[in-house]
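Each remark here refers to the structure printed beneath this line.
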Amino acid sequence: MFSVKKNVLQLVALMRAFGIKDVVLCPGSRNSPLSESFAACVDFRCHPVTDERSAGFQAIGIIEETRNAVAVCCTSGTALLNLASAVAEAYYQHLPLLVISADRPTAWIGQMDGQTICQPDALAPFVRKRVNLPEINTDEDAWFCNRLINEALLCLTMPEKGSVHINVPISEPLFDFSAERLPEVRKIDANINGAICKWQSSRRPMLLVGQHLPDEDLPEALRCLCDSKRCVVLGEHLANVPDVIGNFDDMELTETFAPDFLITIGGHVVSKKLKRFLRTNPPSAHWHISADGAVVDTFKCLTDVLACSDIPSLLISLSELGNNADEKFMNLWKTASAQLSHAGGDSLEEYVTGELLRQMPENSALQLANSSAVRLAQRFALPFGTKVYCNRGTNGIDGSLSAAVGYANVHSGVTFLIVGDLSFFYDMNALISLRKDADLHVMLLNNGGGKIFEKLFDMDENARKFVAGQGEHISAKKWAETVGMAYMSLSGKENTAQVVADFVSRKGNVLLEVIDN
């Protein structure tokens with residue numbers, strides 16, 4: 001029989017799935033749910049050792065003989081610190097030693113409860129990976145716990161091996177061993193040879209490209225997939241991949257649009273709608289491909305992580321290898337995308353953004369501030385060869401103007417920036433650093449605060465002031481003139497095309513303030 005503690009069950013089941021055979025067990029009550037569960041599973045060889053200082057090195061000896069990962073499990077408190085010497089030895093020898101420490105509930109750390117120390121980071125200098133598991137009370141806790149264990153155990157399989165630490169908080173009661181079996185768990189793999197059959201058998205494959213710096217090779221590889229009808233390819237403007245489906249945020253997505261196989265590459269995806277859709281309609285297989293093989297489980301359905309330094313070549317190989325893609329699935333997405341169009345927009349800021357993107361020269365550099373600006377731009381097609389940049393790594397408003405100034409100061413052509421008023425005024429000192437001979441064209445959408453918040457929930461005047469930064473209208477005119485920028489303004493849709501044309505064609509640094517409040 002096994003412990004009823006769900007984080008313990010996840011850990012034991014996943015260790016079995018990853019093929020770990022040997023576990024060195026140290027005595028203690030807090031780790032008894034772990035020890036009993038390991039002992040109850042016939043797939044483990046358990047080695048009882050009283051002294052943790054010796055237990056860690058005995059585990060190293062087993063690694064040296066078996067050449068496989070070995071676990072050592074201890075109770076809470078200073079028992080963990082007694083493993084430090086062995087952990088450091090394994091770290092510098094690149095040996096796959098898995099340290100599992102039972103812990104008191106997080107709320108009791110530092111509260112003068114027995115055998116409690118700060119355990120999660122106790123071995124930090126000498127482990128490749130350390131995770132602190134949650135106690136599982138909700139579905140999201142279960143997903144989080146599963147993901148963390150997968151991340152830790154995957155590190156034991158990588159070429160650069162070393163110690164890994166999994167800390168397991170366990171609440172009382174400790175001695176309920178009434179679970180009859182280990183649960184079915186999701187194991188994330190990292191072997192493309194073992195995963196390739198998932199691609200070959202897929203009927204509704206999809207590739208989603210997240211934020212990505214411009215790359216000459218990637219668009220060609222994606223064209224191979226599209227032309228061979230092997231895959232539906234999606235990408236927002238931040239992905240810098242032309243000729244793929246990018247207007248999915250405006251589609252009416254139903255279950256018929258759901259893929260059975262998903263590949264993701266690149267960084268962040270802006271669309272909350274697409275994230276919700278894929279989490280609600282998860283594919284049976286999801287590969288995330290990156291240079292470092294990181295576990296990124298955005299859609300809660302990750303099955304495989306693939307480390308690859310040449311992703312375009314891998315995608316071309318997949319195209320040549322082939323799959324069982326259903327052409328009806330490809331046509332469903334293409335037709336839905338083709339039926340959408342945006343001739344203008346209801347709001348002034350959307351209307352002007354569309355006009356700017358229609359008039360921007362080909363091969364332009366476009367910097368986008370976060371939040372409204374990046375979402376507005378996504379509603380319109382880009383001129384051919386446009387390169388798009390945005391501080392989307394952390395999704396904050398800070399630094400949007402600074403990044404555009406830095407880019408424009410070293411760029412030989414014109415740089416366009418679409419920015420909202422909160423982002424602009426937060427970072428406006430960046431314009432002091434703008435070179436006089438730069439060519440930065442800033443379109444400032446000044447709507448008197450963070451209007452995007454009004455789309456999230458109904459706000460009264462008080463909420464607008466404190467949540468959305470709503471306040472008295474502040475113009476950027478004086479500031480633009482102070483730093484030597486030409487200034488233009490627009491407050492209605494009349495003559496928009498001509499104003500934008502003048503803004504685009506001007507030489508040097510210029511700011512167009514679109515006043516919409």
Side-chain angles (χ1 to χ4, degrees), residues 186 188-189 192 194-212 218-266 269-289 296-306 308 311-342 378-379 381:
R186 176 188 61 156
I188 299 174
D189 293 310
I192 189 172
I196 205 69
C197 62
K198 299 175 184 177
W199 163 258
Q200 291 177 303
S201 62
S202 61
R203 295 283 294 161
R204 303 188 308 278
M206 174 187 292
L207 191 150
L208 174 60
V209 187
Q211 183 172 13
H212 201 285
L218 183 57
E220 182 58 36
L222 297 177
R223 272 192 289 271
C224 288
L225 284 169
C226 293
D227 293 346
S228 62
K229 299 180 180 179
R230 300 296 188 197
C231 200
V232 169
V233 181
L234 308 183
E236 295 168 323
H237 290 338
L238 299 187
N240 283 295
V241 285
D243 305 321
V244 302
I245 295 173
N247 56 351
F248 43 79
D249 225 28
D250 295 316
M251 294 182 188
E252 194 64 40
L253 297 177
T254 63
E255 289 183 8
T256 57
F257 288 84
D260 65 356
F261 180 91
L262 175 66
I263 298 176
T264 52
I265 61 176
V269 174
V270 176
S271 173
K272 290 185 177 180
K273 180 177 183 177
L274 185 64
K275 292 175 187 175
R276 284 194 299 267
F277 175 71
L278 291 173
R279 289 168 185 167
T280 306
N281 302 276
S284 57
H286 172 200
W287 292 2
H288 182 66
I289 309 175
V296 180
D297 194 18
T298 307
F299 308 109
K300 296 187 174 182
C301 57
L302 187 66
T303 57
D304 301 85
V305 291
L306 305 177
C308 180
I311 293 176
S313 294
L314 174 59
L315 297 180
I316 291 173
S317 297
L318 291 177
S319 175
E320 294 171 347
L321 181 64
N323 56 16
N324 290 318
D326 184 351
E327 193 168 338
K328 292 180 181 178
F329 182 67
M330 315 286 143
N331 292 335
L332 177 69
W333 275 92
K334 290 179 182 177
T335 301
S337 175
Q339 288 175 344
L340 295 173
S341 63
H342 280 285
Q378 188 61 42
R379 299 179 69 85

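The chain is numbered in sequence order, starting from 1.
Between Pro312 and Ala221, the closest heavy-atom pair is O-CB, 3.5 Å. Minimum heavy-atom separation, Lys275 to Val270: NZ-O, 4.4 Å. A pairwise comparison of heavy atoms in Asn281 and Ala258 identifies CB-CB, 3.7 Å as the closest pair. Counting all heavy atoms, side chain and backbone alike, Pro242 lies closest to Asn240 at CD-O, 3.9 Å. Minimum heavy-atom separation, Ala336 to Leu340: O-CG, 3.6 Å. Between Phe261 and Pro283 the shortest heavy-atom distance is N-CB, 3.8 Å.
Here the side chains of Leu278 and Thr298 are not in contact, with every heavy-atom distance at 4.5 Å or above. Residues Ile311 and His212 fail the side-chain proximity criterion, which asks for heavy atoms closer than 4.5 Å. Between Lys300 and Pro282 the shortest side-chain heavy-atom distance does not fall below 4.5 Å. The side-chain heavy atoms of Val244 and Val209, taken from C-beta on, include no pair separated by under 4.5 Å. Inter-residue side-chain proximity for Lys328 and Leu332 is flagged as unmet; no heavy-atom pair is nearer than 4.5 Å. The shortest side-chain heavy-atom distance between Phe248 and Val232 does not fall under the 4.5 Å cut-off. Within the 4.5 Å cutoff, side-chain heavy atoms of Leu315 are placed close to those of Leu218.
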Just do the side chain to side chain contact (heavy atoms under 4.5 Å, CB included) check on Val233 and Val241 with the steps written out, would you?
CA-CA 10 Å; Val233 181; Val241 285; 5.9 Å; no
Evaluate the criterion side chain to side chain contact (heavy atoms under 4.5 Å, CB included) for residue pair Leu274 and Glu236; output intermediate values, then yes/no.
CA-CA 11 Å; Leu274 185 64; Glu236 295 168 323; over 6 Å; no
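Rounding to the nearest 0.5 angstrom, the gap separating the CZ atom in Arg204 from the OG atom in Ser284 is 8.0 Å. Interatomic distance, Leu234 CG to Met206 CE, rounded to the nearest 0.5 Å: 4.5 Å. The line from CG of Leu262 to CG of Asp304 is 11.5 Å long, rounded to the nearest 0.5 Å. For the atom pair CH2 (Trp199) and CG (Leu318), the distance works out to 5.5 Å, reported to the nearest 0.5 Å. The CD1 atom of Ile188 sits 4.5 Å away from the CG atom of Leu302 when rounded to the nearest 0.5 Å. Glu220 contributes atom CD, which lies 6.5 Å from atom CD1 of Ile316 (distance to the nearest 0.5 angstrom).
Looking at Asn323, its side chain does come within 3.5 Å of a backbone N or O of Arg230 through a donor-acceptor pair. Using modelled atom types, one side-chain atom of Gln378 and one backbone atom of His237 make a donor-acceptor pair closer than 3.5 Å. Within the 3.5 Å criterion, the main-chain N or O of Leu225 finds a donor-acceptor partner in the side chain of Ser228.
A side-chain N or O of Ser337 and one of Asn247 form a donor-acceptor pair less than 3.5 Å apart.
The pair Asp326-Arg203 meets the salt-bridge criterion, with a side-chain N (NZ, NE, NH1 or NH2) lying under 4.0 Å from an Asp/Glu carboxylate O.
Phe257 pairs by the ring pair (Phe, Tyr, Trp, His ring centres under 6.0 Å) definition with Trp333, not counting sequence neighbours. Residues meeting the side-chain hydrogen bond (donor to acceptor under 3.5 Å, both in side chains) test with Lys229, sequence neighbours left out: Glu327.
A side chain to side chain contact (heavy atoms under 4.5 Å, CB included) with Ile289 is found for one member of Val305, Ile263, Thr264 and no other, namely Ile263.
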